[in-house]
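Okay, so here's the structure we're looking at.
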Amino acid sequence: MVTGILDYIWLVPALPLLGVLLNGAIALFCERPLLLAEAAHGDEGHGHGDAHGGHHAPAPYRKLVAFIGPAVVGAAFVVSVLAVLALAARPAHDRFFVQVLFPWIQAGGFSAPAALQLDPLSSVMILVVTGVGFLIHVYSAGYMSHEKAFARYFVYLNLFTFAMLTLVLGSNYLVMFVGWEGVGLCSYLLIGYWYEKKSASDAGKKAFIVNRIGDFGFMLGVFLIFWTFGTVNYTEVFAKVPLLSANGVLTTEIATAITLLLFVGAIGKSAQIPLYVWLPDAMEGPTPVSALIHAATMVTAGVYMVARSSSLFLLSPVSMGVVATVGAATAIFSATIGITQNDIKRVLAYSTVSQLGYMFLACGVGAFTAGIFHLMTHAFFKALLFLGSGSVIHALSGEQDMRKMGSLKKHLPITFTTMFIATLAIAGIPGLSGFFSKDEILWKAFSSEHGHIALWAVAALAAGITAFYMFRLVFLTFFGESRMEPEVEKHVHESPYSMTVPLMLLAVLSVVGGWIGIPEVLKGHNYFEEWLAPVFAQGAAGGHGAAGAHGAAHHPVALELGLMAGSVAVALCGIGLAYYLYRVRTNKPKEIAEAVPGLYDVVLNKYYVDEIYDFLFVRRIVNGSIVLWQAFDAAFIDGIVNGIAAAVRGAGDGVRRLQTGVVGNYAFSLLLGAVLLVGYILTR
Amino acid sequence: MMEPTAYLLLSGILFGIGVAGVVARKNALIILMSVEIMLNAVNVAFIAVGSHLGDPTGSIFAFMVMTVAAAEAAVGLAILIAIYRLKETIDITELSVLKW
Amino acid sequence: MTWIPAYLSSNLLTALIFFPLAGALLLFFLPRENPRLIRNATLLVTLVEFLLSLPVAIGFNGATAAMQFVQRVPWIPGYGIEYHVGVDGISLWLVMLTTFLMPIAILSTYEAVEKHVKEFMIFMLVLEVGMVGVFLAIDLFLFYIFWELVLIPMYFLIGVWGSERRIYSAIKFFLYTFAGSVLMLVAIIALYFHHYAATGVYTTNLLRMYELSIPVKLQFWMFAAFALAFAFKVPMFPFHTWLPDAHVDAPTAGSVILAAVLLKMGTYGFLRFAMPLFPVAAVDLMPLVATLAVIGIIYGALVAMVQKDMKKLVAYSSVSHLGFVMLGLFAFNVQGIEGGILQMINHGVSTGALFLIVGIIYERRHTRLIEEFGGLSKVVPLYALVFMIVTLSSVGLPGTNGFVGEFLILLGAFKTAKWYTVFAATGVILSAVYMLWMFQRVMFGKITNEKNRHLPDLKPREIAYMLPLLVMIFWIGVYPQTFLRKMDASVSAAVTRIETKRQAALGERPQGETLLARYFDVKK
């Protein structure tokens, strides 16, 4: 193996950046004139729904874009694989590589170089990002082929890949922050891709702003890190943890503050309670975007960041508790919303929020490996689910409402098969990837020293609900009677290979992706844990002993197997219930909804959280600002300013009346003055 | 040397008359005349004090004042005539264009 | 600096200050009937001026905190007044910003200014003399002259070439800032006599003043006077109300220069005069200044959010951004101050660009009301791209200039004033709100107003002046070291000077003294 490949690690983010530049040039010089010419002809409101567009002869540049876009990511994937292999060839304690590109910000004692760091954790991330990303790029070339602004789409998508790779490869918190905000920007641009749609541009803006609230916390966390550790480089920060804890600089309070601030960032980016509201709206973007950004990669950045900072989080039991609680609460909360949604993508969006909750739960109980493991398997099956739903939407000319689907199994065999596999995976059916990762989280939630039986119970219940709503989705979409519009039904077709091949590959990954982390109790070997051990052992050593990673060793094997069986049973119950309600007694769901109308409405309307935020914050801030502007600025301050001006003017106006123009008056005042003066002199 | 008290008294009375004329009358011509009275009152005082002190400066100043008074009367009267031609009045209460 | 001959380097700054004046004189002799010639001549003058300034930036030695390219000539020797100019790491980039933006501003007026072109250009050039002079003057007297010189052309630029309420705005601008300047003049004179009383020498040399140890009580009043003058100019909340009016009514080029450079005179003044001359008072009053800065950040952002006029929105955003700068300066550490200086440059570039962007659309539609627009992305994609990049820069997205400045400011301020920073950082959220909301309302959605359907996209001339700004946005964002490196030594020296002088001045005071006791002799 060529170890020299590590020196080319900069290619991993640079290649997508190259794609941005190339596609950007194409968008600017080839696509823009075309679009302008079309706009001038005024064919309005045409081709701006999801996955359907106008029919026009494809311009030659589109082929080039369709090649460059995926190719750069594919090349980045190849480089990543080689680099990771080179890394793996090293002994476990030496699997660490930093490449400093250039000094970025230096001021006084502060220094943040633009540097990349490859270690087991970031290698998992870059493989997921470039691997899944490549498949989604390929898929996009097919899915978006009817779109007019084709090059622009790939500019954004490549830019996203670049930013995401920067995020995971950065060797300090500041470079991570660059990627962090960069992916937020791309998310904004891609959600608002159909910018003529008000709801799309609204959703993009909402995503950006809610993310910014998280970034606010992240940034403060970075400040606190710098002023505590004197550096923001991961290695130096984590290396200083034991020393500073020993000499009392790094107290538990400071660690708590740092980690909670960082976690605010994670909450925003990874759509956890209370900042999850942007993610469901983000489904306004094209479906491949939902798959890439809002399922597989960007939203998991928060988990990555928490895992990256594991040595800090482990210092603070409070933070660990908060992370676990928020994760568990989000997992169950959004799972319940997922039950009632009718938009196929929204179901998946809430499912994503819920699954992210699992990952945070894992981190919160100290099972960072399990969190990252689930991050990876989730990337496979959730990307597959989204792409599958995209294929469905594509086939149905843009229809997203599951109430207008049904019986698609026979029309879309590949889509159905692959999506069904992903559904089994997310439901936690043994043998598939989701089972291993989810089960490890559940087990750690129960057994870890940071865990609690309540966390386990909530997570297990959420797993059941997940299985229920996912099968509801499958049953409503692929089984039963067709409820499609006749016009739509005529055009139903399986998607082209550029879309189905990625589906199939992801399906394979959804099955086998978990096999690298089979727990010992099932006579397997957790290669994944072993791979990540150097990263998290570091934290464990600095923290309160070997937390999480090996904390479960003292529990009996039977208990672990029993809990595993229990969680599978819960999942099967969920599936069974879904089967009963959506295959056997298909009018039952309606009856249930009518039986508890209040509750159903509340859940259907997502617990009215958006409305509450709107009422509590948005409207108050806007109205308050209007008051500030008109009452304070215009009336009060300018009142004073103009008041002073008016007072001076008024005083002048009063004084000038003394000038009567009558000579006698002047003479008299002259006399008066003279008399007073003489009088003063005489009496002095 | 003679005592100047009586002369100074006369000067004071004359000056008072002049002041009263300037302040109280509305006819610009009368005011001009009152100014002349005041100037001459000052002349009386100058000469009286000058001769009392045996200093010719007082008398010299009196001549000076007379000259200025003559010039002033000439210019003043010319202005009054010009105003009268323009406004047909020399009542100062009506000549208040230069107010405010 | 070694590659520049000594006789050139010692005259370079003087040439830099007065070259535009020579250009203005030249304009007098050009025929009024040929506005094209006048415009091109002015552009040429400002371009040459920019080229003249390049050797200053390149030859500047970032390793030393001393004034460089110094020229010092007695002017009114009887009063110790000198013509004394020089540049250090604090003023370097502000001078460069000025010379960099002038050609851009001139280029933006080619179609916007139709009447009295000659006078307009002359005023612009005189303005440049004043602005460059302000940043280069080391003599207090000279500084004051340039400071006031800037007011006059700007007054006319707003008053003659402005829009609806131009007279009101021009007078408001003039009186507001003039009121502050007068206070500063009084303080300068007081300082002058104090220097004489302390040393027996009459001088207006700033560097000499730096060495002066001023009694704390005097520091308080002098700081107050200087700070008030600069606060009016910055403008800090609550002295900001002239800014929206002046911006709304100024012509585009005037707004650009006003926002990009004139406001920086205030923040520069704090850093050059108020803070190092009166360190005890400056540090003691930090809570007040920082509070006003934070209020300004949040208040400016909130009020910007609800504006209906794009230009007014940008004007209020300036209040917010300048609040960041002030917070950074009053962090009294290298990170904060370097961030503050960098943010001055950033604000000049980004907000200048925003005003140009608003100006471009105003030239086409003669309105700046947000509600008049919508869906422009479709018809003017290039404009949309530029607008988006500038918006992101203003929002402070990493990779653009805004981030580096804001980050360093907040990083520095976090050390000195934790809670202020927490509140200030909310400005980062709010800036995203108001900028993206405006962008959305103007550029996204469907075209609702038929008048917008056939708007022409950016013309080559407009691209020509936006492009350098975009380059700067990314340059500062990706490789800020170019700029930070040259200011390092000067800023570190300033921080040290402030701290050592403060310690020295406080050394004689009793420990644990309250501020009331220190400044007003109020004993418990």
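Computed from heavy atoms alone, side chains included, the values below leave out hydrogens, waters and symmetry copies.
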So for [X], is it side chain, backbone, both, or neither that comes closer than 4.5 Å to the heavy atoms of chain C?
{"X": "A/Phe636", "result": "neither"}
{"X": "A/Trp104", "result": "both"}
{"X": "A/Leu35", "result": "neither"}
{"X": "A/Ile644", "result": "neither"}
{"X": "A/Phe102", "result": "side chain"}

Taking only residues two or more places apart in sequence, or in another chain, which ones meet C/Asp309 in a salt bridge (charged side-chain N to carboxylate O under 4.0 Å, His left out)?
C/Arg368
Strictly by modelled atom types, are [X] and [Y] linked by a side-chain donor-acceptor pair under 3.5 Å?
{"X": "C/Tyr168", "Y": "A/Asn642", "value": "yes"}
{"X": "A/Asn23", "Y": "A/Tyr153", "value": "no"}
{"X": "C/Asp245", "Y": "C/Ser169", "value": "no"}

Just by modelled atom types, is the [Y] backbone N or O under 3.5 Å from a matching donor or acceptor in the [X] side chain?
{"X": "A/Asp638", "Y": "A/Val641", "value": "no"}
{"X": "A/Trp227", "Y": "C/Gly412", "value": "no"}
{"X": "C/Thr177", "Y": "C/Phe173", "value": "yes"}
{"X": "A/Thr166", "Y": "A/Phe162", "value": "yes"}
{"X": "C/Ser320", "Y": "C/Ile297", "value": "yes"}
{"X": "A/Gln106", "Y": "A/Ser111", "value": "no"}
{"X": "C/Asn333", "Y": "C/Thr416", "value": "no"}

What part of [X] gets closer than 4.5 Å to chain A, counting heavy atoms only: side chain, backbone, both or neither?
{"X": "C/Leu408", "answer": "side chain"}
{"X": "C/Gln335", "answer": "both"}
{"X": "C/Thr448", "answer": "neither"}
{"X": "C/Phe403", "answer": "side chain"}
{"X": "C/Leu410", "answer": "both"}
{"X": "C/Glu338", "answer": "side chain"}

Counting only non-hydrogen atoms closer than 4.5 Å, can you tell me which residues of residues 168-181 of chain A sit against chain C?
A/Leu174, A/Phe177, A/Val178, A/Glu181
Classify the angle between the aromatic ring planes of C/Tyr176 and C/Phe232 as parallel (below 30°), tilted (30 to 60°) or perpendicular (above 60°).
perpendicular
Give the ring-plane orientation class for A/Tyr188 versus C/Phe444, where under 30° counts as parallel, over 60° as perpendicular and anything between as tilted.
tilted
If contact means a heavy atom pair closer than 4.5 Å, which residues of residues 483-492 of chain C contact chain A?
C/Leu484, C/Asp488
Those residues that, when tested against C/Ala384, pass side-chain contact (heavy atoms from CB on, under 4.5 Å) (two or more places apart)
C/Ser377, C/Met443
Does a side-chain N-to-carboxylate-O contact under 4.0 Å join A/Lys197 and A/Asp202?
no
